[in-house]
Amino acid sequence: RNPRAEVTPPSSTAARVSGSCAAVSARSGVTLLVDKAERLYNYLFGYELLQAENEQLQAELANMNQDIRDAQTYKTENERLRELENLTEKHTDYDLAIANVVSRSGGSYGSTMTISQGSSIGLEAGMCAITETGQVVGILSEVGTNWATVTTILDTTSEIGAYIFGSGYTCIAQGDFTLMKEGKLRASYLSSSATIRNSDQLLTSGDGDIYPPGLVIGGVTDVGDDETNVAKYAVITPTVDLDAVEQVFVIKSYDIKD
């Protein structure tokens with residue numbers, strides 16, 4: 001045996017082993033942290049990409065929806081113009097002015113709307129407002145420079161000379177306090193012997209020189225005897241949807257035909 005040979009103390013060997021394990025453990029911990037950091041980075045990067053793609057898709061969808069709305073608007077406008085063309089061809093005697101509906105007002109006693117044209121283009125109180133298909137909207141009751149109020153056919157002050165199409169029975173179409181709440185009006189002073197059917201059409205008679213004859217007011221939905229029991233009345237549902245009207249056509253003048 002070599003007396004000079006050195007023997008490593010057990011404690012020194014354990015220390016080196018322990019230090020080596022600690023280094024390995026530290027490297028493993030660092031690697032784990034790096035892996036976690038990379039996964040987190042990849043997740044965040046991927047999330048940002050998805051978010052960007054989602055925002056782009058939402059923008060494209062919004063543009064598509066706008067295109068659809070624009071197409072529907074153009075279609076509606078084209079249909080309105082075609083109907084107006086038919087109306088002007090049928091009634092060459094009408095001098096028409098176009099106005100947009102800017103607001104509506106309805107309450108317990110009245111039904112009106114405000115339009116975007118007035119005296120600056122020659123509108124006057126007492127002129128008749130209709131749709132592009134010749135449905136009666138109402139009458140101009142107040143006129144400003146660039147606005148006017150239309151009192152609709154549902155208003156309790158509204159009265160129109162009318163007749164039942166086909167049978168020719170004459171009457172007065174007027175707003176009614178109770179029926180107005182239902183979006184309807186009343187045809188009063190019908191002959192007690194009149195035979196009236198549901199869906200019969202009520203048209204303007206032209207009496208009074210305010211409304212031209214032959215404009216559509218609405219259809220009969222009910223018939224009964226009035227309070228005097230010597231005449232009949234009919235409940236009329238307007239053909240025009242007053243809540244949906246976007247434009248009106250004011251008849252500034254028309255030729256009275258004999």
Side-chain angles (χ1 to χ4, degrees), residues 76-77 79-81 83-84 86-88 90-91 93-162 171-188 201-219 235-254 256:
T76 301
E77 185 63 23
E79 291 174 350
R80 182 181 292 123
L81 290 174
E83 294 288 357
L84 179 60
N86 293 335
L87 180 67
T88 54
K90 183 178 179 181
H91 295 285
D93 56 323
Y94 286 3
D95 180 13
L96 294 171
I98 302 175
N100 295 323
V101 176
V102 296
S103 66
R104 294 176 174 82
S105 177
S108 300
Y109 297 95
S111 173
T112 63
M113 60 179 63
T114 302
I115 59 175
S116 62
Q117 298 287 5
S119 60
S120 62
I121 64 167
L123 300 189
E124 298 176 359
M127 291 179 174
C128 169
I130 63 175
T131 67
E132 67 275 9
T133 56
Q135 301 166 336
V136 182
V137 175
I139 190 170
L140 273 61
S141 54
E142 189 176 1
V143 178
T145 303
N146 56 6
W147 61 271
T149 298
V150 178
T151 297
T152 79
I153 56 178
L154 296 181
D155 193 272
T156 55
T157 64
S158 174
E159 291 190 352
I160 308 170
C171 59
I172 299 295
Q174 56 189 181
D176 180 87
F177 173 74
T178 301
L179 293 175
M180 183 179 65
K181 300 175 183 178
E182 303 174 12
K184 301 177 182 179
L185 64 156
R186 173 173 172 147
S188 301
Q201 292 294 299
L202 189 70
L203 308 181
T204 57
S205 65
D207 294 342
D209 298 338
I210 295 178
Y211 296 93
L215 298 176
V216 180
I217 299 174
V235 175
I236 307 298
T237 298
T239 305
V240 61
D241 183 355
L242 294 172
D243 291 330
V245 173
E246 297 178 351
Q247 284 184 328
V248 298
F249 301 85
V250 180
I251 303 177
K252 298 170 65 176
S253 65
Y254 65 96
I256 301 175

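Heavy atoms only: backbone and side chains are in, while hydrogens, waters and symmetry mates are out.
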Would Val240 and Val136 satisfy side chain to side chain contact (heavy atoms under 4.5 Å, CB included), going step by step from the backbone distance to the final call? CA-CA 7 Å; Val240 61; Val136 182; over 6 Å; no
Determine whether Met113 and Val137 satisfy the following criterion, side chain to side chain contact (heavy atoms under 4.5 Å, CB included), listing intermediate values before the conclusion. CA-CA 10 Å; Met113 60 179 63; Val137 175; 4.0 Å; yes
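In terms of heavy atoms, Val143 sits closest to Ser119 at CG1-N, 3.5 Å. Heavy-atom minimum distance, Phe249 versus Thr131: CD1-C, 3.7 Å. Closest approach of Gln247 and Val245 over heavy atoms only: O-CG1, 3.2 Å. When all heavy atoms are compared, the tightest approach of Ala173 to Ala162 is CB-CB, 4.3 Å. Heavy atoms only, all atoms of each residue included: Ile121 and Lys252 are closest at O-NZ, 2.7 Å. When every heavy atom of Tyr94 is checked against every heavy atom of Pro213, the shortest pair comes out as OH-O, 4.3 Å.
The OG1 atom of Thr239 sits 11.0 Å away from the CG atom of Leu215 when rounded to the nearest 0.5 Å. Taking CG from Leu202 and OG1 from Thr237, the interatomic distance works out to 11.0 Å, rounded to the nearest 0.5 Å. One finds the OH atom of Tyr254 at 8.0 Å from the CD1 atom of Ile210 (value rounded to the nearest 0.5 Å). Here Glu159 contributes atom CD and Asp207 contributes atom CG; the two are 12.5 Å apart, rounded to the nearest 0.5 Å. Rounding to the nearest 0.5 Å places CG of Leu140 at 11.0 Å from CD1 of Ile251. Between atom CG of residue Asp176 and atom NZ of residue Lys184 there is a gap of 11.5 Å, rounded to the nearest 0.5 Å.
You'll find the side chain of Leu185 stays beyond 4.5 Å of the side chain of Gln174, heavy atoms only. Side-chain contact between Glu246 and Val101 is absent, with no heavy-atom pair separated by less than 4.5 Å. Counting heavy atoms from C-beta on, the side chains of Thr204 and Ile217 come closer than 4.5 Å. Looking only at side-chain heavy atoms (C-beta outward), Arg186 and Thr178 stay at 4.5 Å or farther from each other. You'll find the side chain of Val235 stays beyond 4.5 Å of the side chain of Glu182, heavy atoms only. Residues Ile139 and Cys128 are not in side-chain contact: their nearest non-hydrogen atoms beyond the backbone lie 4.5 Å or more apart.
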Under 3.5 Å, which donor-acceptor pairs do the side chains of residues 146-154 form with other protein atoms, sequence neighbours left out?
from: Thr151; atom 1: OG1; to: Ser141; atom 2: OG; distance (Å): 2.8
from: Thr152; atom 1: OG1; to: Ser111; atom 2: O; distance (Å): 3.3
from: Thr152; atom 1: OG1; to: Ser111; atom 2: OG; distance (Å): 2.7
from: Thr152; atom 1: OG1; to: Leu154; atom 2: N; distance (Å): 3.2

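Under a 3.5 Å cut-off, the side chain of Ser158 and the backbone N or O of Gly175 do not form any donor-acceptor pair. At distances below 3.5 Å, not a single donor-acceptor pair connects side-chain atoms of Thr114 with backbone N or O atoms of Val102.
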